[in-house]
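Each remark here refers to the structure printed beneath this line.
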Amino acid sequence: MPLVTPRKVIIALILATCLSCFFFIGQFEQKQQNDSESHSVVVKRVPKEEEDVKSDLDPEEETAAASVLLVDLEKADHSSSDAVTDYNAASNEDNDMQTVDQLAEPNDDVDTEDTNTEKSVRLVANLTALDALDYYTLSLEQIDQLYGINKELIEKRLEDRKEKINEVCQSIRNKRFNRPYLFYIREYKVSWCPTYKAGSTVWKDFFVSHVIDPNIIHPGLELLWKFKLSGAARGYRPGQRMAYSKEPAGTPRFTVVRNPIVRVISYYKMAMRCSEMDRVGMHYDIMKQRTLPDPIRKDEFNIQFNSFREWCKKVAPVEHDKEMVKELEGEKPAISPDNPYLNPPHITFSELVLKMKTQRAKLRNNDWEGHWSPASEWCDLCIHRMDYIPLLEHQPWELWFLLEKIGLWEERALFLDLHNSASKVGRPSDASEIDMFVSQLSAELRTFLDQFYDIDMRMFGYGRV
């Protein structure tokens, strides 16, 4: 049996020690890798440009607002909602990211600053996903549930918007536009400014049917004229809230606003109808200014134009009756394909914006056409100091908050059935449709729209043309 020398013992001990070190180093590296993977929830969820964002909500508010109902999100149509698609993809990226509730739980291994960063950005992502939902596919119960979960964050967004509006008002020295379009609806103890092409028809129809007469179909705003506020109280100073003698102090005021470019698009779709062409005779004048390719045929083209105009007058009063319009289609006069006055048989989008530009210059910034007037001017936001200014793009979530605050919560289901007229299916114009219309404009007209709606865009956070 070979002898075990002291030298061999020492060598054996050294080898055993090295093996032990390698084993513990491997275990430590594996633990570090696991910890890094568990912390990757923060890295994957936080966009690079927002890594320094800090949460200013308390933990209770964060937990309440963070619990987005993913099961309801899955029931919605995500085909046209990139924000929702990206959000759900991130939520299922690994086993540690199955629900938002799990992400809301505190992690002792993550620095407090990183945890707050992750939660703040996640809350923003929740509202982005919420706004991108096609709420027409959701039930009232689902909408209520999603609203309740995100209510605190919705309220904060509305408050932040008020602060931004006040900031812009200060930058323009609380400019006053003398617009008397604030209606005090006594029965509901609320004051409302109808921003046209931003869902104002919904509110007009609601107030007329509940306060004036429920049997009136397609009522005009003039039926609410007696509620329009006038006679401002004395002693007003810039920066204060304008008071009116017929409006009790502290009455909540609101208006609903919308991307001003989409409002113009919405009006343009309305301007293509006979009823609007008949109401605004200037449209016909604009069409008659088009260049004639063959002046010799001017009389012929004029006869066609006048015949079409007379036919349109018949259609205008019955335009909401599809059967009547269908019958009148048989009487529609023939139009030569080379008649510039009637090809197309309505003003073009470019002609509309040029009309806006010309009218603005003539009236010296005192444009009273509500369909495209900036909401900041039409509602005189700097002197009326609205309490609630939801965006139409953020309905029903901000609308739900408004209805709850002004005492109309029980009526909320009615508003789901009253679509705006931005498109044939009642949904607001999407980015591709906006680009399609804007591409028809010259650089000069695009610049005009940016300048015309500058205050609105700054107040409400909409992008430039």
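Residue numbers count from 1 along this sequence. Not measured: the values here are computed from a predicted model.
Side-chain contact of Y244 with H384: a donor-acceptor pair under 3.5 Å is present, judged by distance alone. No hydrogens or angles considered: a donor-acceptor pair under 3.5 Å links the side chains of N174 and R385. Remark: the S350 side chain and the Q440 side chain contain no N/O donor-acceptor pair separated by less than 3.5 Å. Side-chain contact, R263 with T195: no donor N or O sits under 3.5 Å from an acceptor N or O. A donor and an acceptor atom, one from each side chain of E404 and Y147, are located under 3.5 Å apart. Side-chain atoms of Y196 and E369 form no donor-acceptor pair, as typed in the model, at a separation below 3.5 Å.
Judged by the 6.0 Å distance and 45° axis criteria, K197 is not positioned over the aromatic ring of Y267. Geometric assessment of K228 against the ring of Y181 yields a positive cation-pi assignment under the 6.0 Å and 45° thresholds.
Nearest heavy atoms, K164 versus M459: CG-O, 3.6 Å. Scanning all heavy atoms of the two residues, the minimum distance from R446 to V438 falls at CD-CG1, 3.4 Å. In terms of heavy atoms, I389 sits closest to L158 at O-CD2, 3.9 Å. Closest heavy-atom contact between T255 and L381: CG2-CD2, 4.3 Å.
Aromatic pair Y284/F305: ring centres closer than 6.0 Å.
A side chain to side chain contact (heavy atoms under 4.5 Å, CB included) with P219 is found for exactly one of I216, I217, L221, namely I216.
Salt-bridge formation is not detected for the pair R258/D456: no Lys NZ or Arg NE/NH1/NH2 atom is positioned less than 4.0 Å from an Asp or Glu carboxylate oxygen.
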Could you please spell out the steps behind the salt bridge (Lys or Arg N to Asp or Glu O under 4.0 Å) verdict for R464 and D454? CA-CA 8 Å; R464 303 282 169 172; D454 174 66; 2.7 Å; yes

Candidate pair F254 and W203, rule ring pair (Phe, Tyr, Trp, His ring centres under 6.0 Å), full reasoning: CA-CA 11 Å; F254 79 93; W203 288 97; 4.7 Å; yes

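Formation of a donor-acceptor pair under 3.5 Å by the Q304 side chain with backbone atoms of F301 is not found in this model.
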